[in-house]
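Data first, discussion second: the structure below is written as structure tokens.
Predicted model, so just to flag it, every value in this text is computed and none were measured. Letters A, B, ... are given to chains in the order of the sequence lines, protein chains preceding strands, and every chain is numbered from 1.
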Number of protein chains: 2
Amino acid sequence: MSTRRPPAQLSRRERQILDVLYQRGPSTAAEIQAGLPDTPGYSAVRALLRILEDKGHIRHQERGARYVYTPKVSLEKARRSALAHMIQTFFDGSPEQAMTALLDASAGDLSGEELDRLAELIAKARKEGR
Amino acid sequence: MSTRRPPAQLSRRERQILDVLYQRGPSTAAEIQAGLPDTPGYSAVRALLRILEDKGHIRHQERGARYVYTPKVSLEKARRSALAHMIQTFFDGSPEQAMTALLDASAGDLSGEELDRLAELIAKARKEGR
DNA sequence: TCGCGTATGCTAAATTTTTAGCATGTCGAC
DNA sequence: GTCGACATGCTAAAAATTTAGCATACGCGA
């Protein structure tokens with residue numbers, strides 16, 4: 001009986017755990033624990049994982065005697081969802097504004113090659129758009 | 001006595017309220033209420049607003065007899081914070097990946113002019129970077 | 001002025017979330 | 001086999017969050 005809620009409706013720890021799983025990929029309870037802020041106890045993490053699983057957000061596979069947890073929503077989908085939510089919340093729904101801010105924030109971190117690749121993507125989108 | 005926590009540490013409703021405030025700008029309690037999922041009662045919203053204010057996340061101004069609430073962290077800063085968190089969580093810390101995904105998700109929505117402007121920003125960053 | 005609609009101040013209870021810990025199981029080293 | 005380290009299953013209590021509602025105040029229109 002899954003009662004999966006959209007990301008905006010997750011409780012604090014639920015959200016933190018899913019973030020850790022997306023960030024580092026399929027993980028054991030101990031690995032997830034290590035990635036959480038204000039590190040809770042091991043049994044606290046496990047209890048939360050079972051709740052997340054009961055709610056349909058994650059599943060586990062048994063690797064030997066230990067469980068490896070994975071989100072049910074793929075990384076690709078979660079990315080899109082996070083992007084959409086962020087654009088809607090902070091950028092008036094405007095992808096351009098989001099990209100501008102992203103460029104402003106990251107320009108110093110992007111290599112020449114990366115910028116070139118992005119330029120190419122934009123040129124391609126430009127050509128296909130018109 | 002402010003005890004402001006980073007965004008990742010906010011409870012469900014705290015986070016929803018801040019999202020509404022960033023999305024729609026300074027708002028009254030009734031306006032915030034209208035923007036929340038699973039709309040809580042008016043007095044529930046007000047109690048939460050007082051908690052958020054006690055914790056130092058928001059402040060209010062009196063406009064006539066009613067309060068207008070504003071986040072303490074500016075939109076600009078919140079944008080950066082949200083971007084950074086999203087890049088770290090879903091894109092291995094890679095801004096390029098984030099931009100690629102953003103372009104993929106949004107290419108159909110961007111006008112020719114918007115794409116041109118983005119191309120220009122990238123060209124400028126390219127020139128300044130190297 | 002009065003009444004109504006809507007506001008805030010405040011409290012505490014209801015609900016949800018988070019946590020700890022016991023019982024038991026597994027695996028590898030000795 | 002025994003022991004220790006670490007695992008899961010499960011429960012329930014502690015803690016945090018969310019909610020409702022009373023008392024009072026304010027503004028506006030009749």
Nearest heavy atoms of [X] and [Y], plus distance in Å:
X       : Y       : answer
A/Ala78 : A/Val73 : N-CG1, 3.8 Å
B/Thr70 : B/Gln61 : OG1-OE1, 4.4 Å
A/Ala30 : A/Tyr42 : N-CE1, 3.8 Å
A/Thr28 : A/Val68 : CG2-CG2, 4.2 Å

Could you pull out the protein-nucleic contacts involving nucleotides 14-19 of chain D (nitrogen or oxygen on both sides, under 3.5 Å)?
unit_1, atom_1, unit_2, atom_2, d
D/dT17, OP1, B/Arg5, NH1, 3.2
D/dT18, OP1, B/Arg12, N, 3.4
D/dT18, OP1, B/Arg13, N, 2.8
D/dT18, OP2, B/Ser11, OG, 2.7
D/dT19, OP1, B/Arg13, NH2, 3.1
D/dT19, OP2, B/Arg13, NE, 3.2

To the nearest angstrom, how far is [X] atom [atom1] from [N] atom [atom2]?
X       : N      : atom1 : atom2 : result
A/Asp54 : C/dT16 : CG    : C1'   : 15 Å
B/His60 : C/dT8  : NE2   : P     : 9 Å
B/Gln16 : C/dT16 : CD    : P     : 14 Å
A/Arg46 : C/dG21 : CZ    : C1'   : 10 Å
A/Arg66 : C/dG25 : CZ    : P     : 19 Å
B/Gln33 : D/dA20 : CD    : C1'   : 13 Å
A/Arg63 : D/dT8  : CZ    : C1'   : 16 Å
A/Glu62 : D/dA7  : CD    : C1'   : 11 Å

- So B/His60 and B/Tyr67, would you call those rings parallel, tilted or perpendicular, with 30° and 60° as cut-offs? parallel
- Message: Here's a test of your reading of the structure: between A/Tyr42 and B/Ala65, which maps to the more 5' nucleotide of DNA chain C?
- Response: B/Ala65
- Item | Residue pair A/Gln88 / A/His85, side-chain heavy-atom distance below 4.5 Å | no
- Message: Can you confirm whether A/Gln16 sits close enough to A/Asp38 that some side-chain heavy atom of one is under 4.5 Å from a side-chain heavy atom of the other?
- Response: no
- Task: Examine the base of D/dG9 for any acceptor or donor lying under 3.5 Å from a partner atom in the side chain of A/Arg50, and report the outcome as yes or no.
- Result: no
- May I ask you to say what B/Tyr67 touches in the nucleic acid, namely base, sugar-phosphate or nothing, with a heavy-atom cut-off under 4.0 Å? sugar-phosphate
- Residue met sooner reading DNA chain D from 5', once B/Gly64 and A/Ala30 are mapped to nucleotides: A/Ala30
